[in-house]
Amino acid sequence: MSGIQELEKKLVIAGRLKLRPLCVYGADEIPQNAIPSHTIDRCIAKAVFTAALFEKMPALYIDASHEQCCPGGMVWMGFEEPHPKLKYFVTIGTPDFHGGAAEHLKATPELFEEQRKRAGKITPPGKYIVIGPFTDDIELNRIRSVVLFAGSEQIRNLCGLAQFNSSDLFYKTIIPAGATCSMMITFPAGMAENAPKDSAYIGPTDPTGNPWLPLELMIMGIPIALAQQMAADLDESFIGKRGRIAYPEKRVAINPQS
């Protein structure tokens with residue numbers, strides 16, 4: 001079994017994943033059979049979820065020419081600068097942009113601007129950002145990060161596994177602010193200058209994905225080095241040693257006191 005197959009197998013076992021894990025990497029040429037993400041959906045995050053949902057879907061790619069993608073997503077991929085009025089659209093709205101439409105994701109435009117600056121410069125890992133299944137034609141050292149979709153118990157256990165070999169109490173697993181595509185791709189793939197490089201990212205906190213992301217699912221974006229560490233730790237961790245506690249077959253009923 002190749003290294004990339006072994007990594008995928010371990011992650012599937014660790015999280016008892018029902019949806020296939022995906023990997024993120026950069027390329028200077030379009031991978032064979034890969035398709036533009038916008039042909040699936042203009043929302044990059046929704047297109048990635050679709051790729052996890054359907055086993056036969058090929059890899060997706062994004063590049064600077066993809067005007068059909070969500071403009072905010074292109075900003076978070078590092079391919080565009082934000083529109084000067086974007087800070088109003090995602091906060092309180094302004095009459096001279098999109099008819100005053102507002103997403104109310106932040107209290108003020110100034111807070112959104114400060115948050116974006118804190119991410120630092122965003123640099124794509126190549127001419128093309130590729131998100132696709134684990135296949136033997138991808139060299140393991142090219143992968144920047146991994147994207148997983150799982151239920152709450154699965155994510156809890158995966159967070160514990162990420163923390164297993166570290167004394168870091170607070171920052172090994174992070175629930176960040178920002179767009180769904182940023183927490184699943186930009187931050188874990190090391191594309192944002194100031195994003196922690198050895199933390200797993202859990203979310204999303206962006207509610208605009210709620211109409212398509214099933215309510216029982218969460219997303220985890222994992223830098224490749226941490227994903228490899230998690231795979232290496234699996235057998236010695238609580239998941240390997242105490243699987244019936246991590247994934248109990250029987251549940252304890254909680255009854256009100258009489």
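In this structure, the side chain of Arg142 does not engage the main chain of Tyr25 through any donor-acceptor pair within 3.5 Å. Gln154 contributes a side-chain N or O that, together with a main-chain N or O of Gly151, makes up a donor-acceptor pair within less than 3.5 Å. A donor-acceptor pair is defined here as one N or O able to donate and one able to accept, closer than 3.5 Å; no such pair exists between the side chain of Lys106 and the backbone of Gln115. A distance-only check finds no donor-acceptor pair linking the side chain of His98 to the backbone of Gly100 [under 3.5 Å]. Looking only at distances, no side-chain donor or acceptor of Ser199 sits under 3.5 Å from a matching main-chain atom of Pro196. Side-chain atoms of Arg144 do not come within 3.5 Å of backbone N or O of Ile185 as any donor-acceptor pair.
Between the OG atom of Ser237 and the CE atom of Met230 there is a distance of 9.0 Å, given to the nearest 0.5 Å.
Heavy atoms of other residues, nucleotides or ligands lying less than 6.0 angstrom from OH of Tyr247 number more than 12. For Glu216, the CD atom is densely surrounded, since the number of other residues' heavy atoms within 6.0 Å is greater than 12.
For the pair Tyr171 and Asp198, the minimum side-chain heavy-atom distance is 4.5 Å or more. Side chains of Leu140 and Leu7 form a contact here, defined as non-hydrogen atoms less than 4.5 Å apart. Within the 4.5 Å cutoff, the side chain of Leu19 has heavy atoms near those of the Leu217 side chain. For the pair Thr205 and Ile175, the minimum side-chain heavy-atom distance is below 4.5 Å. Put simply, the side chain of Glu103 does not reach to within 4.5 Å of the side chain of Thr91, judged on heavy atoms. With contacts defined as side-chain heavy-atom distances shorter than 4.5 Å, the pair Glu193/Thr123 does not qualify.
At a threshold of 4.0 Å, the pair Arg251-Glu153 counts as salt-bridged, since one of the basic side-chain nitrogens sits closer than that to a carboxylate oxygen. Taking the charged nitrogens against the carboxylate oxygens, Lys10 and Asp235 do have a contact shorter than 4.0 Å, which makes a salt bridge. Ion pairing between a basic and an acidic side chain is recognised when a charged N comes within 4.0 Å of a carboxylate O; Lys117 and Glu113 show no such pairing. At a threshold of 4.0 Å, the pair Lys127-Asp63 does not count as salt-bridged, since none of the basic side-chain nitrogens sits closer than that to a carboxylate oxygen.
Closest approach of Ser182 and Pro188 over heavy atoms only: O-CD, 3.8 Å. Summarising the geometry of Ile4 relative to Ile143, their closest heavy-atom pair is CD1-CD1, 3.5 Å, with the distance given to 0.1 Å. Heavy atoms only, all atoms of each residue included: Met183 and Pro176 are closest at CB-CG, 3.7 Å. Contact record, Glu80 with Pro71: OE1-O, 4.1 Å, taken as the closest heavy-atom pair. Across Ile138 and Pro133, no two heavy atoms sit closer than the pair CD1-O, 3.6 Å.
Phe187 pairs by the ring-ring contact (aromatic ring centres under 6.0 Å, His included) definition with Trp76, Tyr201, not counting sequence neighbours. Listed by chain and residue number, Asn255 satisfy the side chain to side chain contact (heavy atoms under 4.5 Å, CB included) test with Ala253 (two or more places apart in sequence, or in another chain).
The aromatic rings of Phe97 and Phe89 sit perpendicular, their planes meeting at an angle over 60°, well past the 30° parallel limit.
Side-chain contact annotation: Asp206 with Thr208, donor-acceptor N/O pair under 3.5 Å present.
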Exercise. Show your working on side chain to side chain donor-acceptor pair (under 3.5 Å) between Thr173 and Gln163 and close with a plain yes or no.
Key: CA-CA 7 Å; Thr173 51; Gln163 298 159 351; 2.8 Å; yes

